[in-house]
S.K.: 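Below: one structure in structure tokens.
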Amino acid sequence: MRKKRIVSYLFVIALVIVLATGCSKEKSNAKDGGPKEFSAFFAVPGSEINDDNVIQKVIAEKTGVTVKEVWLTGQTAEEAVGTFIAGGEYPDLIDGGNGSKQLYEAGALVALDDYIDKYPNIKAFFTEQQWDALKQDDGKIYWIPQFSNIKGEEKTCTHNGEAFWIQTRVLKWADYPTVRTMDQYFDLIEAYYAANPTMPDGTENIPYTILCDDWRYFCLENAPQFLDGYPNDGACIVDPVTLEVIDYNTTDTAIAYFKKLNEEYKKGIVDPESFTQTYDEYIAKVSTGRVLGMIDQWWDFAYTAGEAIKQAGLDEIGCEYVPLPITISEDIENQWHCSGEELNVASGIAITTDCDDIEAALSFIDALLTQEIHDLRFWGIEGENYFVDDKGEYRRTQEMRDKGTDTSYKAAHTCTYSYFPQYNGTSDDGINANKPEGQGSEFYDGLSDNLKETLAAYDAETYIDMIGVSEPPGPWYPVWSFAGTLTTGTEGGFANTKITEIKHEYLPRVVMAKNFDTAWDEYMNVYEAANPEAFINELQVEVLRRVEEAKKFQ
């Protein structure tokens with residue numbers, strides 16, 4: 001514990017140094033007439049880019065601003081935010097993640113209401129209804145969610161959310177069977193592992209691993225909602241007809257799911273390191289190509305482990321992943337992938353009270369949303385990172401694609417400002433996708449032969465075709481965006497904190513138990529004593545409130 005505290009302390013010192021350097025640099029740059037530099041902290045792990053990054057320089061020339069980005073290292077979001085609050089000093093811009101409400105309650109953030117109308121691209125980023133949904137309990141807006149926005153026609157080829165993923169070599173070995181249920185999924189992995197216990201180089205395959213590190217334990221705990229055919233409300237199930245909020249932790253499907261994991265653990269199918277591995281260890285493990293399957297969100301592994309698999313040439317032996325439309329039984333229609341926008345009202349990019357030029361910071365964000373800068377962020381420089389064909393469509397050569405997955409190249413040549421507001425969907429030209437992964441031809445041309453063969457076997461051309469798509473269920477969706485704002489200041493928020501701790505402690509025990517029924521009963525006794533009804537009741541109130549609020553804009 002002492003060692004952990006020392007590491008955290010060193011992190012804080014390093015962070016203060018980085019931010020202090022950023023502040024002094026901004027002042028000197030202002031004197032030199034160079035770009036204005038802002039400091040930014042994001043409460044998620046991320047990759048820093050080189051100081052002489054090519055795209056960042058081009059964006060700085062066009063906007064007059066550069067941003068020094070610092071990412072979460074060795075702490076939770078709440079711990080990092082708590083450190084800022086305790087010290088009373090903040091970066092110019094911040095996304096506090098799960099600690100955003102703490103920043104708001106500490107008075108660390110600037111209300112944006114008086115500024116939004118001055119910046120047309122920011123103003124147009126959300127509808128009046130969406131801006132209204134972002135108001136905190138004082139009636140003001142403090143952060144801008146970055147990721148949910150779709151401009152024009154939705155263009156999606158990947159499934160960015162959660163799924164049961166499986167490697168293409170497993171499906172190919174079994175001659176591409178139909179896999180619709182959890183039991184079929186694990187039966188297939190068991191059979192493949194029995195016949196293929198090792199990689200071609202002799203290292204042992206890992207049939208199924210589970211990421212449980214900190215807030216990412218969604219990879220273990222929230223599958224029952226999907227298995228019952230509901231979309232990712234995250235905190236609960238919502239009956240679309242009655243609007244009743246249901247606790248997915250206690251359903252019959254939850255029992256069946258964890259009992260299955262328990263059986264697979266006893267068989268040696270579930271990775272015994274599942275409950276102790278960190279996120280970095282998990283990514284390193286998946287990057288080796290040894291893991292046959294797991295539940296995860298695409299964004300959580302594809303841009304790290306997924307690209308590492310390509311870089312190592314492991315795609316050529318079928319180590320890439322595709323999602324499967326898994327439910328608890330074949331008669332249930334899955335909703336793993338919903339179309340449309342998922343507004344996360346719980347967090348976003350915010351400007352702190354320590355920022356000495358709020359107008360310049362917002363002007364920069366506004367510029368990032370212009371099509372020209374947006375193209376630089378996500379497509380790069382024409383002629384170097386992509387070319388335009390005679391139909392006006394953005395394309396890339398294989399060499400360009402390969403560079404796009406190379407870590408050192410990306411650090412020197414790409415700058416997406418990935419935690420600033422951005423668009424999915426269609427470019428202003430009406431032809432291209434705002435991001436390469438949404439461009440149908442570019443997506444398909446960039447696939448490995450194994451992936452193309454797998455998709456073709458299931459009559460698919462995209463990941464969406466593999467898993468299907470459903471419409472957003474209603475104006476309450478997604479409930480996780482409300483649950484993420486709860487603090488221990490309410491009875492439901494306190495209960496949520498408690499049951500989260502209980503699930504972290506007891507669910508690994510349930511999976512590893514010699515006697516599942518005894519372990520489950522013990523877990524349920526502790527769980528029910530934590531007053532989950534208070535949490536569910538607050539979710540119920542919010543669902544009904546959102547439904548009523550939506551009626552004002554119909």
S.K.: Within the side chain of R216, is there an N or O that forms a donor-acceptor pair under 3.5 Å with the backbone of L211?
M.R.: no
S.K.: Would you say S100's side chain and S347's backbone share a donor-acceptor pair under 3.5 angstrom?
M.R.: no
S.K.: For the pair K285 and E281, find out whether any cationic side-chain nitrogen is under 4.0 Å from an anionic carboxylate oxygen.
M.R.: no
S.K.: State whether the side chain of W143 and the backbone N or O of V345 hold a donor-acceptor pair below 3.5 Å, judged by distance alone.
M.R.: yes
S.K.: Atom OG1 of T370 and atom NZ of K62: how far apart are they, to the nearest 0.5 Å?
M.R.: 9.0 Å
S.K.: In terms of side-chain geometry, is the basic nitrogen of D402 or K310 positioned less than 4.0 Å from the acidic oxygen of its partner?
M.R.: no
S.K.: What I want to find out is whether R545 reaches E542 closely enough, with some N-O distance under 4.0 Å, to be called a salt bridge.
M.R.: yes
S.K.: How far apart are the C-alpha atoms of F226 and I295, what are their side-chain angles, what is the distance that settles it, and do they pass the side-chain contact (heavy atoms from CB on, under 4.5 Å) test?
M.R.: CA-CA 11 Å; F226 297 108; I295 286 182; over 6 Å; no
S.K.: Going by ring-ring contact (aromatic ring centres under 6.0 Å, His included), name the residues that satisfy it together with F125, two or more places apart in sequence or in a different chain.
M.R.: Y423
S.K.: With the side chain counted from C-beta on, respond yes when E437 and C157 share a heavy-atom pair under 4.5 Å apart, and no when they do not.
M.R.: no
S.K.: Decide yes or no for Y394 and E442: does some side-chain heavy atom of the first lie under 4.5 Å from some side-chain heavy atom of the second?
M.R.: no
S.K.: Going by side chain to side chain donor-acceptor pair (under 3.5 Å), name the residues that satisfy it together with Y419, two or more places apart in sequence or in a different chain.
M.R.: none
S.K.: Between the side chain of D366 and the main-chain N/O of N121, is any donor-acceptor distance below 3.5 Å?
M.R.: yes
S.K.: Can you find a pair of side-chain heavy atoms, one from V286 and one from Y321, that are under 4.5 Å apart?
M.R.: yes
S.K.: Does any part of the side chain of W131, heavy atoms only, come nearer than 4.5 Å to the side chain of D113, both counted from C-beta?
M.R.: no
S.K.: Are Y417 and T66 packed together at the side-chain level, in the sense that at least one heavy-atom pair is separated by less than 4.5 angstrom?
M.R.: yes
S.K.: Any side-chain heavy atom of K403 sitting closer than 4.5 Å to one from N385?
M.R.: no
S.K.: When rounded to the nearest 0.5 angstrom, what distance separates CG in D429 from CD in E393?
M.R.: 9.5 Å
S.K.: Would E549 and R546 pass as an ion pair if we require N to O under 4.0 Å?
M.R.: no
S.K.: Is there a side-chain contact between L93 and I365, using heavy atoms and a 4.5 Å cut-off?
M.R.: yes
